[in-house]
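Just below is one structure, and these are the notes that go with it.
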Protein chains: 2
Amino acid sequence: MSLDAVLNRIDDDLAAATDRLLDLLRIPSISTDPTFKNDCQTAADWLVADLQSLGIEASKRPTAGHPMVVGHIDGPGPHVLFYGHYDVQPVDPLELWDRDPFDPQIEDTAKGRVIRGRGSSDDKGQLMTFVEACRAWKAVNGTLPCKITFIFEGEEESGSPSLVPFMKENAEELKSDIALICDTGLFQSKSPAIVTMLRGLLGEEVTITGPSKDLHSGMYGGIAMNPIRVLSRIIAGLHDDQGRITVPGFYDGVPELTPEIAEQWQGLGFDHAGFLGDVGLSVPAGEQDRSPLEMIWSRPTCEVNGIKGGYTGEGFKTVLPSKVSAKISFRLVGTQDPLTIRESFRGWVTSKLPADCSAEFHSYGASAASTMSTDHPAFEAARTALSDEWPATAAYVGCGGSIPIAGHFKKILGTDAMLIGFGKDDDQIHSPNEKYDLESFHKGIRSWARVLAALT
Amino acid sequence: MSLDAVLNRIDDDLAAATDRLLDLLRIPSISTDPTFKNDCQTAADWLVADLQSLGIEASKRPTAGHPMVVGHIDGPGPHVLFYGHYDVQPVDPLELWDRDPFDPQIEDTAKGRVIRGRGSSDDKGQLMTFVEACRAWKAVNGTLPCKITFIFEGEEESGSPSLVPFMKENAEELKSDIALICDTGLFQSKSPAIVTMLRGLLGEEVTITGPSKDLHSGMYGGIAMNPIRVLSRIIAGLHDDQGRITVPGFYDGVPELTPEIAEQWQGLGFDHAGFLGDVGLSVPAGEQDRSPLEMIWSRPTCEVNGIKGGYTGEGFKTVLPSKVSAKISFRLVGTQDPLTIRESFRGWVTSKLPADCSAEFHSYGASAASTMSTDHPAFEAARTALSDEWPATAAYVGCGGSIPIAGHFKKILGTDAMLIGFGKDDDQIHSPNEKYDLESFHKGIRSWARVLAALT
């Protein structure tokens, strides 16, 4: 095998690779909207045919929702499972797009050439970086360097309802040495990164009831307990003056960074002023003794995602409301146990209630954090390979959000997942005018070729 | 003149008086709904004719909205201005009525006989108590005991937009020694009461902005300041642990009760346990060193009437919102200055803002409290007259709400207003199945006869 030849082939084939991606982007495979059910089938068929053209044994597999595409090809190296998704977000509001979202095109912009269209970054463009790397490898060497299983999902943008059942039913078929997921981004749009920490998520809705019905504040104002006052006190008490969360036992299982990770993060030179400045802020608001990167990647959080009570329409009504609700979520790290924290949170809220008030709770899910062990040699191999391709050294990074798929691979298949992707912060995924830099696509393909070589 | 003869006449004429009220109740004079514009004219015409039948010089007077009814009749005593309103609330939801709201009827209930129908209590029934007292007086004595001006409004249930302009344009004609308003109730449905304190109202909407746009709490949770956290701290800080409001200077101009009023209120035997129990509460939540009656009548308050921010629909979204708003109102007493308090409130909120957050304010009105001076001898005369009619002694009471009309009489006409009414707490005004107890109607008429006698 010759990596250089493969990389040359990738460079030479870029125009054709881009045309293939544009073909796939023309299929409006919006998974949440039943109008586009057949388009999801068409996108799956397109991928099956494309994999088959590489000699991969591929098929469309039915689920209760949109189909999975599964492919297998043998090879000498370790067994790799690659995951991507072919479904895309809805395109509303359509009037904010500068072009038809499903008539994609290469555009020259001040920041370079981009592929413009729905799904160009999330996730069709990212998914095709891996497929194109395989295509170049096959073209040069006649075989692939690893045994590879492909799984492309069609419901990622609508909560992946069929993924877990499908994984469970086909666990034997999908087991591998390592899983690769291409649905993340470069760090600050420039450094290659392998995500090894994903925060968990605990979602709670709390409703405080005071009076048994809405009251007139002229008649009852002053004498009746107002539940908004009660909930405000509870929310105000969730953080102390240093930004720490006050729920008892909340920090049990929150680990400190290892010296290696701390050093890598230091080396990333995170521009927190720019990160906050983009959204009109300047001061990191989390735990005051923690670095900005810790705040978003390795420390747990508590956020109020919504609050509503009383009269909230136009004008003014002097109502003293019976109820007020807040949706509150916790991002979890390390080995924090979501169910223990849920109980502690509920008990803590209840303990803060004054006479005459009650609290009801509704759960919106509880998932623990995922931390990938980087002990598997594939991690260091991939990190070196990525560092070879890009101007900046690759790092193990965190991800403030929750990507449940990574946890499923671990839990159902027992496989560690490496999350590597090439999206940039300005890709406008889920928004109008989504794009994927041609650089992301090109160097993404080259990156996977290098990673595959490094895994063998 | 003979009061006893008048009272006897009232007793004898009760069936006929009730029939006249039923006649008036059959006119669907809903002021807010243009469909009933002609019905408002009809109700005004009915009242003009009824006043004329008593020898009163009465006419329908045009305004930009529904007409005023104004009447004048001379008499030996002081000049009295009587106010009531002939318009009624809409009847929705109609399906919750047990009968056609405009096909009124006398009903026997477990609590006694009632007049059922829209407007029976608010305010046609109350208004007619005064007219019927005049009728009986005229029938017995041939004249009325006072010089009386009548003003019946047709827009009270839609904010009285024409009242102030009409008062200003006709101030000379409407000036009197004392104004009587019949649109309030008995204290706890049993004791006659003269309302002498009306709280003022300051309405503010505050919007806190943190990030310049809604953020994903996975990406920004922990590092970005959440405006709901900020607003919750501000609201939580509005009351101290003793229920006192913390806005600087807020209590300037809040008077203590006079010993006479304190004693009268003590004598009312306010059943605060029942008052709170009716709405599922048990503990007075206001300033902990104040009595329950002070909390609702003579002490200022601060209530959050509504709050909204972030995602408040079905399910859960992990948004970290850019903005959150609350509608906050203050009930004011004594000589508290609404504009000074508004500035103090806004300054106090602004001083609580952390870095990166800003506050915007919107005003929803600012009106001072009205306190009627009871120095005018009419007050004590009326209180004695009411005490003679009812089993319980009449008291000067407060009213937690705001009745702007009383303030207008004082401000525009320079006339103190006595608010005397006979409604009961279960009259269901503004709601389906509105009723007025036959006892309220009968003893209300007798009460006004006694008050008129006492004023001469």
Side-chain angles (χ1 to χ4, degrees), chain A residues 199 201 203 205 210-213 215-226 228-229 232-233 235-236 239 272 276 279-286 292 295-296 299 301 303-312 315-321 324 327 329 331 355-356 364-365 400-402, chain B residues 199 201 203 205 210-213 215-226 228-229 232-233 235-236 239 272 276 279-286 292 295-296 299 301 303-312 315-321 324 327 329 331 355-356 364-365 400-402:
Chain A
R199 293 198 283 198
L201 186 62
E205 179 154 359
S212 56
K213 56 183 178 181
L215 305 177
H216 188 287
S217 79
M219 197 163 173
Y220 280 93
I223 199 169
M225 183 50 82
N226 186 325
I228 300 179
R229 182 175 150 197
S232 294
R233 288 209 166 205
I235 293 171
H239 295 84
H272 80 261
L276 286 173
V279 296
L281 301 173
S282 64
V283 180
M295 288 182 191
I296 57 174
R299 299 298 299 179
T301 68
E303 294 295 342
V304 184
N305 304 112
I307 188 167
K308 186 175 183 187
Y311 180 72
T312 59
F316 211 90
K317 283 192 187 171
T318 51
V319 65
L320 196 164
V324 58
K327 298 180 199 278
S329 64
R331 299 275 171 185
D356 292 340
Y364 283 102
S402 308
Chain B
R199 292 198 285 197
L201 186 62
E205 179 155 359
S212 56
K213 56 183 178 180
L215 305 177
H216 188 287
S217 79
M219 196 163 173
Y220 280 93
I223 198 170
M225 183 50 83
N226 186 326
I228 300 178
R229 183 174 147 197
S232 293
R233 287 207 166 208
I235 293 171
H239 294 84
H272 80 260
L276 286 173
V279 296
L281 301 173
S282 64
V283 181
M295 289 183 190
I296 57 174
R299 298 298 299 179
T301 68
E303 294 295 342
V304 184
N305 304 111
I307 188 167
K308 186 174 183 186
Y311 180 71
T312 59
F316 211 90
K317 283 192 185 169
T318 51
V319 66
L320 194 163
V324 59
K327 297 180 200 277
S329 63
R331 298 275 169 183
D356 294 340
Y364 284 101
S402 308

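Computed from a predicted structure; not experimentally measured. A note on names: the letters A, B, ... follow the listed sequences, proteins ahead of strands, and every chain is numbered from 1.
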Closest approach of B:Gly203 and A:Phe316, non-hydrogen atoms and distance? CA-CZ, 3.9 Å

Go through the atoms of B:Pro321 and report whether side chain, backbone, both or neither lie under 4.5 Å from a heavy atom of chain A. side chain

If you count heavy-atom pairs within less than 4.5 Å of chain B, which of A:Arg199, A:His216, A:Glu205 leads? A:Arg199

Identify which part of B:Lys317 has an atom lying under 4.5 Å from any heavy atom of chain A, answering side chain, backbone, both or neither. backbone

Considering all heavy atoms, the nearest B:Leu276-A:Ala224 contact: CD2-CA, 4.5 Å

Picking from A:Val324, A:Leu201, A:Val279, which has the most non-hydrogen pairs under 4.5 angstrom with chain B? A:Val279

Side chain / backbone / both / neither for B:Ile307 at chain A, heavy atoms under 4.5 Å: both

Checking B:His239 against chain A: side chain, backbone, both or neither under 4.5 Å from a heavy atom? both

Closest heavy-atom pair and its distance - A:Ile296, B:Met219: CG2-O, 3.6 Å

Do we see a donor-acceptor contact under 3.5 Å between the side chains of A:Asn305 and B:Thr318? no

Closest heavy-atom pair, A:Gly222 versus B:Thr301, reported as atoms and distance to 0.1 Å, is CA-CG2, 3.5 Å

Just jot down the ring pair (Phe, Tyr, Trp, His ring centres under 6.0 Å) partners of A:Tyr311, sequence neighbours excluded, or say none. none

Is B:Ser232 close to chain A through its backbone or its side chain, or both, or neither, when contacts mean heavy atoms under 4.5 Å? both

Check B:Met225 against A:Leu281 and note the closest heavy-atom contact, atom names and distance. N-CD1, 4.1 Å

Most chain B-contacting option - heavy-atom pairs closer than 4.5 Å, from A:Gly365, A:Gly286, A:Gly315: A:Gly315

Please rank A:Ser282, A:Ala355, A:Pro292 by heavy-atom pairs under 4.5 Å with chain B and give me the top one. A:Ser282

Once rounded to the nearest 0.5 Å, what's the spacing between atom CE of A:Met295 and atom CD1 of B:Ile223? 6.0 Å

Go through the atoms of A:Ser212 and report whether side chain, backbone, both or neither lie under 4.5 Å from a heavy atom of chain B. both

Identify which part of A:Val319 has an atom lying under 4.5 Å from any heavy atom of chain B, answering side chain, backbone, both or neither. both

Mind ranking A:Gly280, A:Gly310, A:Pro211, A:Pro284 by heavy-atom pairs under 4.5 Å with chain B and telling me who comes out on top? A:Pro211

If one checks every heavy atom of A:Leu215 against chain B at 4.5 Å, the contacting part turns out to be side chain

For B:Val283, is it the side chain, the backbone, both or neither that has a heavy atom under 4.5 Å from a heavy atom of chain A? both

Under the rule for side chain to side chain contact (heavy atoms under 4.5 Å, CB included), what residues qualify as partners of B:Arg299, not counting sequence neighbours? B:Arg244, B:Tyr251, B:Val254, B:Glu256, B:Glu287, B:Arg290, B:Glu294

Which heavy atom of B:Ile235 sits nearest to which heavy atom of A:Arg229, and what is that distance? CG2-CA, 4.4 Å

